[in-house]
There are 2 protein chains.
Amino acid sequence: MLTERQLEVVLSVVYDYITTGEPVGSRTVSRRYLTGKSAATIRNEMSELSEMGYLNQPHTSAGRVPTAKAYRLYVDSILQRRREPLQALDPLPKELKSRRDDAEAALSMISQLLARLTHSIGLAGVEVMEEVLVQRIDFLPVDSRHALVLTVLKGGLVHHRMIEFPLEIRPADLEELSSRINLLASGRAWNEVRQSLSEYLAGTLDHLSRSCFSALEAIDELLSGRSMRIFAGGAHHILGLPDFQDIGKLQALMALLEEESSLEKLVRSVPQSEGLSVVIGEENPLEELQNCSIVLSSGQSAGRRLVLGLIGPQRMDYEGAIVLLEGLLPHLTAGDDGDRQ
Amino acid sequence: MLTERQLEVVLSVVYDYITTGEPVGSRTVSRRYLTGKSAATIRNEMSELSEMGYLNQPHTSAGRVPTAKAYRLYVDSILQRRREPLQALDPLPKELKSRRDDAEAALSMISQLLARLTHSIGLAGVEVMEEVLVQRIDFLPVDSRHALVLTVLKGGLVHHRMIEFPLEIRPADLEELSSRINLLASGRAWNEVRQSLSEYLAGTLDHLSRSCFSALEAIDELLSGRSMRIFAGGAHHILGLPDFQDIGKLQALMALLEEESSLEKLVRSVPQSEGLSVVIGEENPLEELQNCSIVLSSGQSAGRRLVLGLIGPQRMDYEGAIVLLEGLLPHLTAGDDGDRQ
DNA sequence: TTTGGCACTCGACGTCTCCGAGTGCTACTA
DNA sequence: TAGTAGCACTCGGAGACGTCGAGTGCCAAA
């Protein structure tokens with residue numbers, strides 16, 4: 001177990017390393033943080049902390065650098081004393097307001113905003129939960145074999161997709177189909193009505209049963225398969241940082257960010273027990289991210305889960321990141337909610 | 001004017017520099033390309049070419065590097081002899097097929113595909129021309145003051161947007177509105193019917209005139225304002241290249257790629273007289289791109305203009321780029337066309 | 001006009017040295 | 001016994017220096 005003073009030393013080293021980016025020596029700690037103690041004393045403590053796995057030496061005659069274990073300590077200490085009143089920050093930029101109607105554009109903007117504010121990579125995503133309420137579902141005829149399926153969910157999320165029917169289908173049939181679906185599904189959760197809907201349709205519209213089947217399939221895909229949209233923005237902000245010297249790794253990271261499926265995997269791999277979680281360096285399952293840290297925050301409203309996050313160097317400004325995400329998230333979930341109920 | 005031999009030398013230098021990335025000396029040219037002539041001869045030619053502004057010396061005792069002027073010569077020579085039969089290349093990956101119904105996802109994939117094949121940045125965009133034919137336009141009620149406007153264009157492009165009405169509006173009115181709009185607009189070009197539609201609606205639905213007005217506004221925005229969607233993909237491919245050592249510039253470039261409006265400006269700034277155009281280095285109006293080259297190719301079908309492009313270092317493989325873009329474009333325009341008429 | 005020869009230039013690279021920050025250890029002190 | 005001061009030691013970084021070699025420009029000869 002760590003003594004009180006050892007803890008102070010670790011936190012000082014982490015703090016100093018985060019701000020300066022250079023290995024921290026005993027003298028620095030003694031002068032800047034534990035002014036009562038001499039460098040020699042600190043040296044002894046640091047030597048022990050090295051053995052315990054909290055600090056690392058890049059080489060013999062250099063200062064110490066925190067390990068993931070030390071960062072963890074630091075982050076936990078932030079999380080503990082964070083129960084102070086969070087001032088409601090960030091009057092949302094109005095550009096964002098103007099995109100209220102287009103969830104995807106808004107997410108992309110938010111990710112870029114986050115990145116800009118923190119000089120790291122911003123993440124913004126939304127996941128449609130199974131319980132999301134359907135507002136309406138429509139089929140718009142395109143030609144005799146194709147129609148556009150359009151789902152509008154409570155809260156303003158809109159999906160559309162072109163589907164192909166196994167047989168020709170008349171516009172009137174489509175209208176019939178959508179009005180029946182709406183009758184049962186509107187205002188309810190899709191996963192709730194899905195089963196009964198299928199039976200009901202099979203019973204009443206049996207001349208169209210095969211077409212109904214493919215329509216339901218398509219809706220299923222829309223509402224569950226592709227149910228998470230996630231955007232990463234502002235990747236260029238980390239380009240200058242001394243922490244990302246290794247171009248090869250940087251490249252791998254950038255490649256990962258472009259793959260929405262990888263991002264999804266990333267977000268899902270983070271334990272989302274509480275609203276906020278921090279993954280530090282090697283704690284990360286994905287190799288490309290092992291010299292990064294991730295702060296993720298998620299909130300839920302109206303059957304959707306909103307995820308905000310930041311990816312930065314291990315020595316990122318955790319405190320700023322946490323405050324930002326915790327300050328922003330309620331704004332967004334609340335705002336989306338109150339908009340059009 | 002250049003002599004025959006000077007031309008040969010310039011082209012050799014460009015070619016060699018493109019393949020090796022290192023300044024080219026007179027001996028290299030003499031040995032690899034103009035085997036008949038000695039290094040000294042080449043040296044004299046090169047010295048003159050330097051004065052004429054085709055070649056540059058990074059420093060006194062280094063080989064020559066081509067200037068934009070030389071690249072221009074090189075590219076033009078490719079474009080001239082390119083009139084050979086282009087083998088139909090690239091059986092489109094099937095993933096692309098599966099995204100036929102979602103134009104935006106497809107564009108994003110294409111941009112990444114292009115990037116992967118050429119190790120540069122891929123661009124893919126689509127612009128809705130004024131002459132695009134409307135397939136249908138619908139209003140779906142969301143609540144008493146809001147509706148979703150949905151426009152389906154010939155060729156499968158779908159846009160939607162939430163609009164707010166100045167007054168309450170009943171679902172029946174919306175239906176009335178959309179059926180009237182469709183009556184006049186379906187199968188026609190928006191810019192053709194826009195004016196008469198406005199008058200017609202004002203005449204027949206005057207109790208809703210203010211609402212009609214905002215609806216038409218919204219459609220206008222959908223079909224003209226935001227009419228170009230463009231994606232840049234695979235930016236990580238240029239990270240390793242020796243040509244992009246300067247992190248600052250790279251950062252500016254990446255930032256530009258994330259701004260769709262900048263990309264749009266970029267594409268529009270390129271003269272699109274012929275189907276294919278190449279912009280080299282300083283020829284570029286945007287400062288961020290002055291050490292890049294851009295190859296853009298565009299084709300038109302069904303009222304939409306499809307744009308494919310590549311952004312790479314000045315010493316990019318122009319020949320490969322040109323062949324790729326010219327080979328791919330017809331596939332895509334044709335494919336999109338034949339799909340659902 | 002072309003070519004071979006030659007002196008010259010200049011960056012890349014390796015070696016060497018010096019400097020200083022930081023360490024570990026030991027002996028001294030309160 | 002914990003804390004402190006002193007000291008020898010280590011090691012990377014920066015700068016000085018020398019060498020190497022690719023490439024040039026120019027001149028004189030073919």
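Per chain, numbering begins at 1; letters A, B, ... match sequence-line order. Quick caveat, the model's predicted, so the values are computed rather than measured.
Closest to the side chain of B:S38, out of C:dG22, C:dC10, C:dT3, is C:dT3. Taking the side chain of B:K37 as heavy atoms from C-beta on, and the options D:dA22, D:dT24, C:dT3, the nearest nucleotide is C:dT3. Checked against D:dG25, C:dG20, D:dT4, the side chain of B:Q57 finds its nearest nucleotide in D:dG25. Closest to the side chain of B:R5, out of D:dT4, D:dA22, C:dT2, is C:dT2.
In this structure, B:Y74 and B:Y318 have perpendicular ring planes: the angle between them is above 60°, well past the 30° mark. Taking the six-membered ring where tryptophan is involved, the planes of A:Y17 and A:Y71 are tilted, since the angle between them lies from 30° to 60°.
The OG atom of A:S30 lies 10.5 Å from the CE atom of A:M46; values are rounded to the nearest 0.5 Å.
Side-chain contact between B:V278 and B:L296 is absent, with no heavy-atom pair separated by less than 4.5 Å.
Atom P of nucleotide D:dG25 and atom CD of B:E48 are separated by 12 Å, given to the nearest angstrom. As a whole-Å value, the separation of A:L49 CG from C:dT23 P is 12 Å.
Residues from residues 40-47 of chain B placing a heavy atom under 4.0 Å of any atom in DNA chain C, listed by number, are B:A40, B:T41, B:R43, B:N44. If you check residues 13-32 of chain B against DNA chain C, you find no residue with a heavy atom closer than 4.0 Å.
For the pair A:G63 and B:H59, nearest-nucleotide mapping onto DNA chain C gives the more 5' position to B:H59.
A distance-only check finds no donor-acceptor pair linking the side chain of A:Q6 to the backbone of A:L49 [under 3.5 Å]. Using modelled atom types, no side-chain atom of A:Q314 and backbone atom of A:S293 make a donor-acceptor pair closer than 3.5 Å.
A:R64 has no side-chain polar atom (N or O) that falls below the 4.0 Å cut-off from OP1 or OP2 of C:dA21. One finds a side-chain N or O of A:T60 lying less than 4.0 angstrom from the OP1 or OP2 phosphate oxygen of D:dC11.
Comment: A:E288 does not engage A:K249 in a salt bridge, judged by the lack of any side-chain N to carboxylate O separation of less than 4.0 angstrom. A salt bridge links A:R72 with A:E283: at least one charged nitrogen is closer than 4.0 Å to a carboxylate oxygen. A salt bridge links B:E319 with B:R81; the closest basic N to acidic carboxylate O contact falls under 4.0 Å.
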